[in-house]
Amino acid sequence: MAAEYREPLLKKKYYKNCPGCKVDEMKELEQGLPIRPLLSIWIIVLCTALPISSLFPFLYFMIRDFHIAEREEDIGSYAGYVGSAFMLGRALTSVSWGIFADRYGRKPVIIMGTTSVVIFNTLFGLSVNFWMAVITRFLLGSLNGLLGPIKAYAVEIFRDEYQALGLSTVSTAWGIGLIIGPALGGFLAQPAEKYPNLFSKDSLFGRFPYFLPCLAISIFALAVTIATCWLPETLHKHNDNDQSSDDSYDALEAASNESNTKDITEKEEGRESTSKQSLLKNWPLMSSIIVYCVFSLHDMAYTEIFSLWAVSPRKYGGLSYSTEQVGEVLAVSGFSLLVFQMSLYPYVERLLGPVMVSRIGSVLAIPLLQSYPLIAMLSGFTLTLVINCASVLKNVLSVSIITGLFILQNRAVDQHQRGAANGIAMTGMSLFKAVGPAGGGALFSWSEKRLDASFLPGTQMVFFVLNIVEAVGFLLTFEPFLAQHRQ
């Protein structure tokens, strides 16, 4: 009799017209690896990441062509302002987009974000002066608020055992986008000079030498925008005291055992207080966001500095690379990163945990970065081999750190707060990343003016400062600063 009474209690409660409940039902019936949602998330995040970094290989030359910098050494500073405009715009709107996603759903925010790439990335490629470039980048950042909600979506669309893989997919696509983007920019910028048989100097791409990489990304974004119309919504849209069907299931299952009644009451009260708690008072969430912001500042500054360093002349401590050579290095890094994140990262995360992965990654990155000025002394095949290996390792370490922090953030909140929580994370990260390109560009310009300094001359100072930021992030991963959510 007890068994007959228990069975209905174990059935989860679904609401007929709730999109979130439909996804939960689908997850219960699903068998094996969810390839389609993984692919959907991958291309959406890739679409968002590509325009962020695609300008870095040609930004030096774009600023030069605008004739706004009085001296060659000042180009890096102006390049930093253009790079920061996107992040500043995103910082001002990320929380609003997160709240919008919690109220109206993840899907509308995703569609609007990919649409903004189509419009404003195209206009950026057609920029005729410095201020048009800054404004179009700012508007692109302001209206592209999908990165926070897509992380919430990646947690909600997968079963528990695949959530780490889902977040790994977000950071993998993000990392690869930040690598393939510069590769596209490097190969496709200035096509009339590189491919004169295909593009004449009088053509559209001759008059706008940086339009082709932007156009290619915008066409891809248009295809992604159309495809996202068939994306399932994961937000629960029913009034059930803000409890998901999983919460109801846990409560009913526990209630069937009278001896556990007291424990269940305490558990539900704790869960209710957590869900009503202000996100700003949720220290496991806020501490992981702060650490995430520090590492994001480092990564964005590194992305800006690496491209400037690679294309700058040898006399300033650079590699004298062309945009095409920079693109080749970053393309190799992108492929290696994809292989690592899809095969090894989930295993490493289960073995060591997200915090330990972040600590190990930050420690290994420090000596690697400090070796970059020494790498600049190499030449020929040796330089090509070493810089490719260093770039692959640095990007694998960076994305592993960020993925671990994604996991901590999304474990710290319930579903109905996840969009806003990721919005706060995106605001903080965007503010820090806005500082990254501007600070990185200014630091790089300053380093080129102190080639004869007695302490850390030239680019040695650049990579030393990057390592200070990395070391601060490493120290913040320890308790009592970084608190982990106890489930």
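On a predicted model such as this, the values are computed, not experimentally measured, just so you know. One is the number of the first residue; the rest follow in order along the sequence.
When Leu38, Leu231, Ile41 are each tested for a side-chain contact (heavy atoms from CB on, under 4.5 Å) with Ile157, only one passes: Ile41. Under the side-chain contact (heavy atoms from CB on, under 4.5 Å) test applied with Tyr210, the options Leu188, Asp65, Leu126 reduce to a single match, Asp65.
Rounded to the nearest 0.5 Å, atoms NZ (Lys394) and SG (Cys389) are 16.0 Å apart. Taken to the nearest 0.5 Å, the CD1 atom of Ile150 stands 4.5 Å off from the CD1 atom of Ile44.
Aromatic ring pairs are classed by plane angle as parallel below 30°, tilted from 30° to 60° and perpendicular above 60°; the pair Phe205 and Phe199 is perpendicular. Using a 30° and 60° split on the angle between ring planes, Phe211 and Phe208 fall in the perpendicular class, above 60°. By the 30° and 60° cut-offs, the orientation of the rings of Tyr302 relative to Phe306 is tilted.
Residues Pro51 and Phe220 have side chains not in contact (no heavy-atom distance under 4.5 Å, counting atoms from C-beta outward). Residues Val291 and Leu408 form no side-chain contact, since every pair of their non-hydrogen atoms from C-beta on lies 4.5 Å or further apart. Annotation: side chain of Tyr81 is in contact with side chain of Phe130 (closest heavy-atom distance under 4.5 Å). Between Lys194 and Leu212 the shortest side-chain heavy-atom distance does not fall below 4.5 Å.
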Requested in this report: Just do the side chain to side chain contact (heavy atoms under 4.5 Å, CB included) check on Ile402 and Ser296 with the steps written out, would you?
Outcome: CA-CA 8 Å; Ile402 294 299; Ser296 294; 4.1 Å; yes

Query - Candidate pair Met132 and Phe66, rule side chain to side chain contact (heavy atoms under 4.5 Å, CB included), full reasoning - result: CA-CA 11 Å; Met132 180 177 176; Phe66 288 153; over 6 Å; no

Query raised in the report: Ser127 and Thr136: side chain to side chain contact (heavy atoms under 4.5 Å, CB included), yes or no, with the steps?
Result: CA-CA 8 Å; Ser127 295; Thr136 52; 4.0 Å; yes

